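By convention here, the first residue in the shown sequence is residue 1. Everything quoted here is computed from the prediction, not taken from an experiment.
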Amino acid sequence: MKLAKKLSLGFLLTAIVSILIAVLISNYMIGNKFNNYLIDEHKNKVNKIATTIDGLYNEKSGFSSSNKDEILRYANAEELYIKVKNINGVVLFTSGNSNLQNKTMMGSMMNSMMKNFFEIKPGQYTEDSYPLSKDNKKIGTIVFGYYGTSFLNTGALTFKMTLNHSFFLSGFIALIFGLIVSILLSKQISSPLTKITDTANKIRNGDLEARSHVASQTKEIDDLTTSINYLAETLQKQELLRKRLTSDMAHKLRTPLTNLKEFFHFF
């Protein structure tokens, strides 16, 4: 595998893993905090409704027709089942469960709309009891029934969907950016090395005048260029020295051989 390809794959793999870790952790932390916030808001609403019911109840006449209508509006608006009982357990008011059925239907519709992002399930049905009190005296019980995801209203679901969209889009853009940077960095590192390798191959094949002219801001590559050029110069000097030595030896041997040739020719 070429160095450029290996570096690109290494940078890209690092970018993918880093982006996935960042997206998953951010999505989990923000989503978890947001769910806790919605749950707290849901509990605060229920507490306020319980306080309102305390104020609407009259110990003598109970709930008036208009008061019952007001409690029913609260139940429909917050998608709650509300039941009020006196101290003896007699039911004074009940909102029915039609709004909870609507909640289940709405949750199913949102499931089909957002199944590509996260699954919304109706959750477990829960009932919480609050005291019905007057002048700090308990005179009955208020029961609130709801599904586990009742705190997820349309606005909250839209926000979570937008949040997931943002995470996926940010991750995709970061991945493309990481790919581009990895290619540029790998080429920046591998291209000078390729040129230096070509110079080294020329020197190996006998071209001792070959020199590397790579200009790089990377210290190791710059040092390698200097070393290759120094090696070429050293080999070139040694080759010149070898040729000179061979020439001198041939010259020195030529005179005695000539004398010997003339000596034997004389005889």
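The number of heavy-atom neighbours closer than 6.0 Å to NZ of Lys134, taken from other residues, nucleotides and ligands shown, is above 12. Around OH of Tyr130, the count of heavy atoms belonging to other residues, nucleotides or ligands within 6.0 Å exceeds 12.
With hydrogens and angles disregarded, no donor-acceptor distance shorter than 3.5 Å links the side chain of Ser191 to the backbone of Gln188. Checked by atom type and distance alone, the side chain of Asn86 pairs as donor or acceptor with a backbone atom of Asn88 at under 3.5 Å.
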Verdict with supporting geometry, Asp54 and Ile142, side-chain contact (heavy atoms from CB on, under 4.5 Å): CA-CA 9 Å; Asp54 287 343; Ile142 308 173; 3.7 Å; yes
Using the side-chain contact (heavy atoms from CB on, under 4.5 Å) rule, take Leu132 and Ile53 through it: C-alpha gap first, then chi angles, then the decisive distance, then the call. CA-CA 8 Å; Leu132 177 66; Ile53 294 175; 4.2 Å; yes
Test side-chain contact (heavy atoms from CB on, under 4.5 Å) applied to Arg211 and Gln236, step by step: CA-CA 11 Å; Arg211 296 293 183 273; Gln236 189 176 27; 2.8 Å; yes
Is there a side-chain contact (heavy atoms from CB on, under 4.5 Å) between Leu193 and Leu224? Walk through the geometry before answering. CA-CA 9 Å; Leu193 293 178; Leu224 182 59; 3.8 Å; yes
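The hydrophobic clustering, which links ILVMFWY residues whose side-chain heavy atoms are closer than 4.5 Å, places Leu20 and Ile30 together. A continuous path of ILVMFWY side-chain contacts below 4.5 Å connects Leu13 to Ile21, so both sit in one hydrophobic cluster. Under the 4.5 Å side-chain contact rule for hydrophobic residues, Ile139 and Ile87 do not share a cluster. Val46 and Val143 fall into different hydrophobic clusters, where Ile, Leu, Val, Met, Phe, Trp and Tyr are joined by side-chain heavy atoms under 4.5 Å apart, directly or via other members. Tyr28 and Val17 fall within the same hydrophobic cluster, where Ile, Leu, Val, Met, Phe, Trp and Tyr residues are linked whenever their side-chain heavy atoms come under 4.5 Å apart, directly or through other members.
Minimum heavy-atom separation, Thr225 to Ser212: CG2-OG, 3.5 Å. Taking all atoms of both residues into account, the shortest heavy-atom contact from Gly178 to Ala15 is CA-CB, 4.4 Å. Between Ile228 and Ala200, the closest heavy-atom pair is CD1-CB, 4.3 Å. Considering all non-hydrogen atoms of both residues, Ser95 and Ala75 come closest at CB-CB, 3.7 Å.
Using a 4.5 Å cut-off on side-chain heavy atoms (C-beta onward), Leu12 and Leu175 make contact. Using a 4.5 Å heavy-atom cutoff, the side chains of Ser61 and Asn58 are in contact. Side-chain atoms of Ile196 and Ile221, non-hydrogen and from C-beta on, do get closer than 4.5 Å to each other. Between Ile49 and Glu78 the shortest side-chain heavy-atom distance falls below 4.5 Å. A 4.5 Å side-chain heavy-atom check between His213 and Lys195 finds every atom pair outside the cut-off. Looking at Lys187 and Ile183, their side chains come closer than 4.5 Å, going by heavy atoms from C-beta outward. With contacts defined as side-chain heavy-atom distances shorter than 4.5 Å, the pair Leu80/His42 qualifies. Two residues are said to be in side-chain contact when any heavy atoms from C-beta on lie closer than 4.5 Å; Ile203 and Leu208 meet this criterion.
Rounding to the nearest 0.5 Å places CG of Leu9 at 10.5 Å from OG1 of Thr14. Taken from NZ in Lys43 to CG in Leu38, the straight-line distance is 12.5 Å, to the nearest 0.5 Å. With rounding to the nearest 0.5 Å, the separation of OG1 in Thr246 from CZ in Arg244 is 11.5 Å. For the atom pair Met161 CE and Ser166 OG, the distance stands at 10.5 Å (nearest 0.5 Å). From Asp207, atom CG reaches atom CG of Leu235 across 11.5 Å, with rounding to the nearest 0.5 Å. Atom NZ in Lys83 sits 10.0 Å away from atom OG1 in Thr141 (nearest 0.5 Å).
Checked against a 6.0 Å centroid threshold, the rings of Tyr57 and Phe63 count as neighbours. Aromatic rings from Phe144 and Tyr81 are positioned such that their centres are separated by 6.0 Å or more.
Applying the side-chain hydrogen bond (donor to acceptor under 3.5 Å, both in side chains) rule to Lys219 yields the partners Asp223; only residues at least two apart in sequence or on another chain are considered. With sequence neighbours excluded, no residue forms a side-chain hydrogen bond (donor to acceptor under 3.5 Å, both in side chains) with Glu209.
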Distance-only check: which donor-acceptor pairs under 3.5 Å involve side-chain atoms of residues 66-73, not counting sequence neighbours?
unit_1	atom_1	unit_2	atom_2	d
Ser66	OG	Ser64	OG	3.2
Asn67	ND2	Leu56	O	3.2
Asn67	ND2	Ser64	OG	3.0

